[in-house]
Amino acid sequence: MPTILNSVRFFAAWCVFALLTAACLQLPPAAAQVPDDEKTSTELVQEIFQDAQGNAGLKARYERLVTNPISPPDTRSPRATLESFLVIMQTASELWLEVRDSYFDGDTFFMTKAQRDQLVLVQSLLEKAARTFDLSAIPAASRQRASIETVLQLQEIFDRIYLPPVEEIPGLAAGAFALSDSDAEALPAKWIIPGTSLTIERQREGPREGEYLFTQSTINQIDDDYDEVKALPMIADLGEDLYQYYIYTPGSLVAPRWYELILDGPYWLRYEFGNQAYWQWIGLALIAVVSVVALVWFSRWNARRAVPLDPARRQLRRVVTPLLIIAAANLIRFLIEEQINITGDLLYVTTTALSALIWTATAWFTYQLLQTLYMWTIRNPAVSNASLDASLLRTGFQVMSFIVAIIVLGYGATQIGIPIYGVVAGLGVGGLAIALAAQPTLENFISGVLLYADRIVRVGDFFQFDDTAGTVEEIGIRSTRIRALDRTLIIVANADLVKRKITNYSRRDVFLFRHKIGLRYETGADTLHKIMEDIRTLLASHESVLESPRRVRLVEYGDSAVLIDIYANISASDINVFLEVQEQLLLSIRDIVERHGSGFAYPTSTVYLAQGDYKEPKPIADVATKENAGEAPKDDDGT
């Protein structure tokens, strides 16, 4: 037994010695020996270009892939997708390092135009490389930044592992001619890079159906895979980790000059915590503190400002607040993304929060802007504030503003990853319950629309329903406001109002002028004829009196007066105009009566007085009846 233990110990010691020797000689252990047919990503790209040397068309397509910003990557097969990614990323990395080194070797504070143009090309190449990914699960608001991080991580993974030769990857080379039907059918549905879980799969649906892309699960796994391999040495080239440079330096791709202050400062500023450097955490905290202080100061300053008396200016002030929120949120986002360069999960959280704030403020701004447009519209002299048009505009703008704001908010929700269509579908399930709960409100709203559509009453109309009469001041979405004759304000639900019998006095096209005048009995017949003839002439000559019907007739000998009936229709726009015309006619009729020496009669009674005993005579019919019967008539005393 001791002999066996000694043998095991000797074997273990020999293995440790062999490993240490191999490490000293910088040779890989036997278990890590690389097969001759596997290649690094750099060698694979060199092989790709070497294969294209004898094919001018293929070489031109490769060159166009990295020189034309709008040329899409070839994703028709797993090989084409992988080759497109590797070729694009190698070119982007070389250009990136060239721009960075030339900028820091110079003495200018800002980059030159040529350097900026070259950096734009690098940015477009990184975005093009990201088009080999299935990014449909990443919200649009953070898709660009997140995709660049994922692209750089995948490139760093490829720099640390070996890849199979191109002839073992299914499909034709990137930029090759179109696949034949037989070749397309021979391609697998998905292909996994040997020794990894990185999967390229054909899209079965969506706008990129049929393309071979790195799957969503692969994209979700890249971050963890990078954390596992980042400590390994690079085998593809001797360059630096561009992903580390990207996430721990400020600016976009190339750090600005002020980053030298951090490099010259304490080294602990560059320590890492939570995938962010200490100086990035400090910068983020400063931005948060300044934002809170600015918000508190603006709130207090806005509360102390005098409120304008003009409604249009008050409404214009309401537009300023959401506009400032949008500007401030975009400024904060610029500082976080383009200057401090927050990355990773923290970037996703801040971008989502700021995007939600921006889209909410945009919806708010849209609503207030449309309300401001309404306020300036009703300032038009052609639109009276007391008219139906102003009331209709008010309600229409309120409904339209609300709908547009909801649409903007819904679109913003889709940009930050909220499945708004699923929310709408969920609302459809609960829509019945909501509709039942909101039935009175909906009924009032529909009734208000009917009031507008049928023009039953208009703003400014005087009407009566039941025992209530008044003038319409406002027709709203839910109720109608009525100013009664005693100046009290009556609010009636639209649903109740449309069910009532409504008498709209303001909608009459003509007003009836009908009066009976009583003349004294002393008025002669000739005078009566002249008075009636002059009244007829008066009505005929007045421009507001309609031609038909129009009459002036002697209609009755009353108890105390001779009655003349005057009947005509008067054309007037409203009751006030009619009352004015009626007043003119009545005064003119009085002048006619007085000019002819007559006058208006008033109720009189005649009293007859008799002297001595007075006995009421018997009815003649009664006396005759008694005489015919042979009975002498008797007096009241029986004689």
Side-chain angles (χ1 to χ4, degrees), residues 382 384 386-389 391 450-473 475 480 482-485 497-498 500-520 523 525-603:
S384 173
S387 67
L388 175 65
D389 296 334
S391 182
L450 292 177
L451 287 175
Y452 282 124
D454 292 346
R455 293 180 175 264
I456 300 174
V457 290
R458 305 174 63 178
V459 176
D461 284 359
F462 179 80
F463 75 107
Q464 179 179 357
F465 66 96
D466 296 341
D467 56 349
T468 302
T471 303
V472 179
E473 286 193 345
I475 302 176
T480 300
I482 303 168
R483 185 69 65 177
L485 295 176
L497 188 60
V498 297
R500 307 295 180 89
K501 178 182 178 181
I502 295 176
T503 303
N504 192 337
Y505 296 101
S506 299
R507 299 300 297 275
R508 292 182 298 185
D509 53 350
V510 295
F511 290 80
L512 178 62
F513 179 84
R514 186 172 190 179
H515 295 275
K516 287 185 178 181
I517 61 174
L519 303 181
R520 296 195 299 263
T523 305
D526 293 339
T527 303
L528 283 175
H529 281 292
K530 292 179 181 179
I531 290 175
M532 290 188 293
E533 189 62 31
D534 288 350
I535 293 175
R536 293 189 184 99
T537 302
L538 171 65
L539 296 178
S541 62
H542 200 286
E543 60 181 5
S544 298
V545 179
L546 299 180
E547 182 178 356
S548 177
R550 188 178 64 203
R551 62 176 180 266
V552 179
R553 296 295 181 185
L554 177 63
V555 293
E556 183 181 355
Y557 291 106
D559 293 337
S560 57
V562 178
L563 298 179
I564 298 176
D565 182 31
I566 305 174
Y567 186 97
N569 280 338
I570 296 177
S571 175
S573 58
D574 55 45
I575 185 66
N576 293 321
V577 176
F578 163 72
L579 293 176
E580 181 180 357
V581 174
Q582 178 178 253
E583 177 183 308
Q584 297 173 0
L585 294 176
L586 291 175
L587 290 175
S588 298
I589 291 172
R590 182 184 182 91
D591 291 340
I592 292 173
V593 172
E594 292 178 351
R595 189 170 62 248
H596 287 84
S598 182
F600 296 107
Y602 48 87

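If you read the sequence from its start, that first residue is 1, and numbering goes on from there. Note that the coordinates shown come from a computational prediction; the quantities given were computed from them, not determined experimentally. Quick note: numbers below take in every heavy atom, side chains included, and nothing from hydrogens, waters or symmetry partners.
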Looking at side-chain heavy atoms only, is the closest gap between [X] and [Y] below 4.5 Å?
| X | Y | result |
| --- | --- | --- |
| Phe465 | Ile482 | yes |
| Leu554 | Met532 | yes |
| Asp565 | Ile517 | no |
| Tyr557 | Leu563 | no |
| His596 | His529 | no |
| Phe462 | Thr503 | no |
| Asn569 | Phe511 | no |

What is the minimum heavy-atom distance between [X] and [Y], and which atoms define it?
| X | Y | result |
| --- | --- | --- |
| Ala568 | Val545 | CB-CG1, 3.8 Å |
| Asn504 | Phe463 | CA-CB, 3.7 Å |
| Ser571 | Val510 | CA-CG1, 4.3 Å |
| Ala601 | Ser560 | CB-O, 3.3 Å |
| Arg520 | Ser598 | NH2-C, 3.9 Å |
| Ala540 | Arg550 | CA-NH1, 3.4 Å |

Got a list of side-chain donor-acceptor pairs under 3.5 Å for residues 581-592, not counting sequence neighbours?
{"unit_1": "Gln582", "atom_1": "OE1", "unit_2": "His515", "atom_2": "NE2", "d": "3.1"}
{"unit_1": "Gln584", "atom_1": "OE1", "unit_2": "His542", "atom_2": "NE2", "d": "3.2"}
{"unit_1": "Ser588", "atom_1": "OG", "unit_2": "Gln584", "atom_2": "O", "d": "3.0"}
{"unit_1": "Arg590", "atom_1": "NE", "unit_2": "Glu594", "atom_2": "OE2", "d": "3.1"}
{"unit_1": "Arg590", "atom_1": "NH2", "unit_2": "Glu594", "atom_2": "OE2", "d": "3.4"}

Task: Separation between CG of Leu546 and CG of Leu539, rounded to the nearest 0.5 Å - done: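 Rounded to the nearest 0.5 Å, the CG-CG separation comes out at 11.0 Å.
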Task: From CG (Leu512) to CD1 (Ile570), nearest 0.5 Å - done: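 These two atoms lie 8.5 Å from each other.
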Task: Arg551 to Tyr567, cation-pi by 6.0 Å centre distance and 45° axis angle - done: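 Satisfied, under 6.0 Å and within 45°.
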Open item on the list: So, using side-chain contact (heavy atoms from CB on, under 4.5 Å) as the criterion, who are the partners of Leu528 when residues are at least two apart?
Closed with: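 Scan of Leu528 (side-chain contact (heavy atoms from CB on, under 4.5 Å), adjacent residues dropped) gives Leu519, Thr523, Val562, Ile564.
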Open item on the list: List the residues meeting side-chain contact (heavy atoms from CB on, under 4.5 Å) with Val498, not counting sequence neighbours, and say none if there are none.
Closed with: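 Here the qualifying residues are Ser447, Leu451.
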Task: Lys/Arg N to Asp/Glu carboxylate O, Asp466 vs Lys501, below 4.0 Å - done: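 No.
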- [ ] Carefully, step by step, assess Glu533 and Arg536 under the rule salt bridge (charged side-chain N to carboxylate O under 4.0 Å, His left out).
- [x] CA-CA 5 Å; Glu533 189 62 31; Arg536 293 189 184 99; 3.5 Å; yes
Open item on the list: Would you say the ring centers of Phe600 and Tyr602 fall short of 6.0 Å from each other?
Closed with: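 Ring centroids of Phe600 and Tyr602 are no less than 6.0 Å from each other.
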